[in-house]
Participant: 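Following this message is one structure expressed as C-alpha cells.
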Amino acid sequence: MRITDVRVIVTCPGRNYVLVKIITDEGVYGVGDATLNGRELAVAETLDKHIAPLLIGRDPDRIEDTWQYLYRGAYWRGGPVLMTALAGVDMALWDIKGKVCGKPVYSLLGGKTREGALGYTHCAGRDFAEVEDSVRQAMAQGFKVIRAQVSIPGLPSTYGQGGQKEAALATWGEASLPMVEVWEPGPYLRTIPRLFEHLRSRLGDEVELLHDVHERLNPVQAARLARELEPFHLFFLEDPLRPEHQPSLRLVRQAATTPIAMGELYTSLWECLPVITEQLIDFIRCDLVHSGGITGARKIAAIAEPYGVQTAWHGPGDAAPITHAANVHMDIAIPNFGVQEMVFFPEQVQEVIPGGPTFRDGSLYVSDAPGLGTDVNEEAARKYPYRRAYLPIARRQDGSMHDW
Ligand code: KDG
Ligand code: MG
C-alpha cells in the first residue's frame with residue numbers, strides 16, 4: 001500500500017480547523033487533526049508545501065518510521081507548528097492502520113483497560129452563586145469531575161468565565177484582531193480560594209472540582225494558591241506555571257498537597273520528561289494535536305506510568321473531534337489514564353467532522369468502527385471557509401503584556 005494524495009482541509013464551522021486526509025492507492029484513507037488555534041495557516045502551509053511531498057509514495061503502515069522521518073528529518077525540529085503538522089499526519093496514519101486491520105485504534109494500542117473515559121466539563125459564572133448553579137447543572141448532566149472558573153472582581157473579562165459555551169465556540173475579536181483582557185494576580189489570588197470554599201460548603205466533598213490557572217502565575221503566587229486551595233481537595237490545579245518555569249514546579253510541589261496538572265503547552269516528550277521523572281506533577285495534560293499525535297502521546301503516557309503520573313489530555317473546542325476521538329482511544333487503552341477534558345461540539349462541527357466521542361453518565365465513549373471512527377465531510381467543510389481569528393491576549397493594568 002502506498003500514499004497517493006495528502007489533502008489539507010481548512011474549514012471554519014464556527015471556529016477554524018485544519019484537517020489532513022491521507023489517501024492510499026487501495027482507496028483506504030485516514031483523517032487527522034492539525035489545528036493550532038490562531039496560527040492555523042502556518043500549519044496548513046507546512047503540511048501542504050513541506051510535508052505532503054515527503055509522504056507521497058510512502059507505505060502508510062510505517063507510522064513510527066514516518067514520525068521519525070518528519071521529526072528528525074527536518075533537522076530544525078519541534079515547536080507547536082511542526083508538532084501539530086506531525087500530529088495530523090500521525091492520527092491519519094493510525095486511522096488508516098485501523099481501517100486496514102479492521103480494528104478500532106484502542107485495540108491496536110493494546111485493547112481496552114476500561115470501557116469509557118471519565119470526562120470533565122467547564123463551569124463558570126460571573127459570581128460564586130452563578131458558578132454553583134453551573135456546577136449543579138453539570139452534575140445533573142452526569143459529570144463527576146468539573147472545572148470551575150469565575151469572573152474576577154475589577155477585571156472586565158477573564159479566561160474561562162464562559163464555561164461550556166466558551167469551550168465550544170470561538171471568540172472573535174473586533175476586525176478579527178485579538179481581544180484584550182486585563183490581568184492582575186492580586187484580585188485573582190484573593191478570589192479563587194473563596195470560590196472553592198463556597199463550592200465545597202454548598203456542594204459537599206463528593207463532586208471532584210478542578211481549576212485552570214492557565215499559566216498566569218509566577219512560582220511563588222502558584223505555590224500560595226496551591227496551599228490556600230489545599231483544604232478544598234481539588235482533583236487538580238491545572239497549568240499553574242508557564243512551560244518555561246519547569247524547575248519552579250518544585251516550589252509549588254513543596255508548598256502543598258494540591259495535585260498538579262501540567263502540560264497543555266508542552267509540545268514534546270522531552271519537555272514532559274523532567275516534570276514526570278522528578279514527580280513534580282500528578283497529571284500530564286499534553287495535547288495530542290500539539291505533541292506529535294498518538295505516537296508522541298503514547299510514549300509520554302508510558303514514561304509517566306512508572307512514576308505514578310496519570311494522563312489528563314487537553315480536550316478543548318479548538319482541537320477537532322478527531323483529536324477528541326484519539327484522546328479517548330488512548331484513554332481507554334492505557335493503564336494510567338486519569339481524566340479527559342471534553343466539550344460538546346456544535347451541530348455544524350459535527351456535520352463537517354462526524355464520529356467524535358459520545359458522552360454518557362460522566363464518561364466518554366468511542367465506537368468500535370475500524371480506525372478512529374471519525375471522518376471529514378469535504379463538501380460540508382467547503383461551506384465554512386477559513387476566517388482569520390486570534391486567541392485573546394492579556395495585559396496588566398499598567399498596559400504591559402502578560403500571558404493570557
Ligand atoms: O487555544 C487555547 C485553548 O485550547 C486553551 O485556552 C484551553 O486552557 C484550555 C483548556 O484547559 O481547555
Ligand atoms: Mg487549560
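Values reported hereafter were calculated over all heavy atoms of this structure, with side chains retained and with hydrogens, waters and symmetry mates removed. Counting convention: from 1, in listed order, for ligands and their atoms alike. We're numbering straight along the sequence, starting at 1.
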Participant: Below 4.0 angstrom, N of the basic side chain to O of the carboxylate: do D65 and R58 qualify?
Facilitator: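 Yes, this pair counts.
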Participant: Which residue owns the protein heavy atom closest to atom 9 (C) of ligand 1, what's the atom, and how far is it?
Facilitator: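 Going atom by atom, the protein heavy atom closest to atom 9 (C) of ligand 1 ends up being Y159 OH, 2.9 Å.
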Participant: Salt-bridge test for E215 and R242: reply yes if a basic N is under 4.0 Å from a carboxylate O, no otherwise.
Facilitator: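 A salt bridge is absent here (no side-chain N lies under 4.0 Å from a carboxylate O).
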Participant: Taking the six-membered ring of F337, is the NZ or CZ of R114 close enough (under 6.0 Å from the centre) and on axis enough (within 45°)?
Facilitator: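 Judged by the rule (NZ or CZ under 6.0 Å from the ring centre, within 45° of its axis), R114 is not positioned above F337.
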Participant: Report the part of R147 (side chain from C-beta onward, or backbone N, CA, C, O) that has a heavy atom under 4.0 Å from ligand 1; answer both or neither where that applies.
Facilitator: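 Side chain only.
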Participant: Counting each atom of ligand 1 from 1 as listed, which ones have a heavy atom of N37 under 4.0 Å away?
Facilitator: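 Checking each atom against N37, I get 1 (O).
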Participant: Identify, for atom 6 (O) of ligand 1, the protein heavy atom at the shortest distance, and state residue, atom and that distance.
Facilitator: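 Nearest neighbour among protein heavy atoms for atom 6 (O) of ligand 1, to 0.1 Å: H214 NE2, 2.7 Å.
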Participant: Is it possible for you to check whether R216 lies under 6.0 Å from the centre of the six-membered ring of W404, through NZ or CZ, and within 45° of that ring's axis?
Facilitator: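 No, R216 and W404 do not form such a contact.
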Participant: Is E206 salt-bridged to R200, cutoff N-O under 4.0 Å?
Facilitator: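 So E206 does not pair with R200 through a salt bridge.
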Participant: Report the name of the N/O/S atom of E238 located nearest to the Mg ion (ligand 2).
Facilitator: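 Sorting the N, O and S atoms of E238 by distance to the Mg ion (ligand 2) puts OE2 first.
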Participant: For atom 11 (O) of ligand 1, what is the nearest protein heavy atom, given as residue, atom name and distance?
Facilitator: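 Looking at atom 11 (O) of ligand 1, the protein heavy atom closest to it is E238 OE2, 2.8 Å.
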Participant: How does W404 reach ligand 1, by side chain, by backbone, by both or by neither, if only non-hydrogen atoms under 4.0 Å count?
Facilitator: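 Just the side chain.
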Participant: I need the contact type for R285 against ligand 1. Using non-hydrogen atoms and a strict under-4.0 Å cut-off, is it side chain, backbone, both or neither?
Facilitator: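 The part of R285 near ligand 1 is the side chain, not the backbone.
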Participant: For ligand 1, does L391 get within less than 4.0 Å through its side chain, its backbone, both, or neither, judged by non-hydrogen atoms?
Facilitator: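 It is the side chain that touches ligand 1; the backbone stays farther off.
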Participant: Would Q141 and Q137 satisfy side-chain hydrogen bond (donor to acceptor under 3.5 Å, both in side chains), going step by step from the backbone distance to the final call?
Facilitator: CA-CA 6 Å; Q141 281 176 295; Q137 281 174 33; over 6 Å; no
Participant: Does the side-chain hydrogen bond (donor to acceptor under 3.5 Å, both in side chains) test come out yes or no for E197 and S201, once each step is laid out?
Facilitator: CA-CA 6 Å; E197 184 180 24; S201 70; over 6 Å; no
Participant: Given L210, V343, D318, D287, which has its nearest heavy atom closest to atom 4 (O) of ligand 1?
Facilitator: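 It is D318 that holds the nearest heavy atom.
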Participant: Does R388 pair with E40 as a salt bridge, N-O distance under 4.0 Å?
Facilitator: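 Salt bridge absent between R388 and E40.
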Participant: Looking only at N, O or S atoms in E264, which is nearest to the Mg ion (ligand 2)?
Facilitator: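 Result for E264 and the Mg ion (ligand 2): OE1.
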Participant: Enumerate the atoms of ligand 1 whose separation from the nearest heavy atom of D212 is less than 4.0 angstrom.
Facilitator: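 Matching atoms, with element in brackets: 8 (O), 9 (C), 10 (C), 11 (O).
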Participant: Is there any N or O on Y120 that sits under 3.5 Å from an N or O of ligand 1?
Facilitator: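 Looking only at distances, the answer is no, because the N/O contact criterion of under 3.5 Å is not met.
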Participant: Can you sort out which atoms of ligand 1 are near P316, meaning under 4.0 Å from one of its heavy atoms?
Facilitator: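 It comes down to these atoms of ligand 1: 4 (O), 12 (O).
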Participant: What protein heavy atom lies closest to atom 8 (O) of ligand 1? Include the residue and the distance to one decimal.
Facilitator: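 Scanning the protein heavy atoms, the shortest distance from atom 8 (O) of ligand 1 goes to E264 OE2, 2.6 Å.
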Participant: Answer yes or no as to whether an N/O/S atom of D212 is found below 2.8 Å from the Mg ion (ligand 2).
Facilitator: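 Given the 2.8 Å cut-off, D212 counts as a ligand of the Mg ion (ligand 2).
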Participant: Which atoms of ligand 1 sit under 4.0 Å from any heavy atom of E341?
Facilitator: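 Checking each atom against E341, I get 10 (C), 11 (O), 12 (O).
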Participant: For the residue pair F143 and F359, does the interplanar ring angle fall in the parallel (under 30°), tilted (30 to 60°) or perpendicular (over 60°) class?
Facilitator: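 F143 vs F359 ring planes: parallel.
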Participant: Hey, are R395 and E181 close enough for a salt bridge, meaning a charged N less than 4.0 Å from a carboxylate O?
Facilitator: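 Not counted as a salt bridge, because no side-chain N and carboxylate O are separated by less than 4.0 Å.
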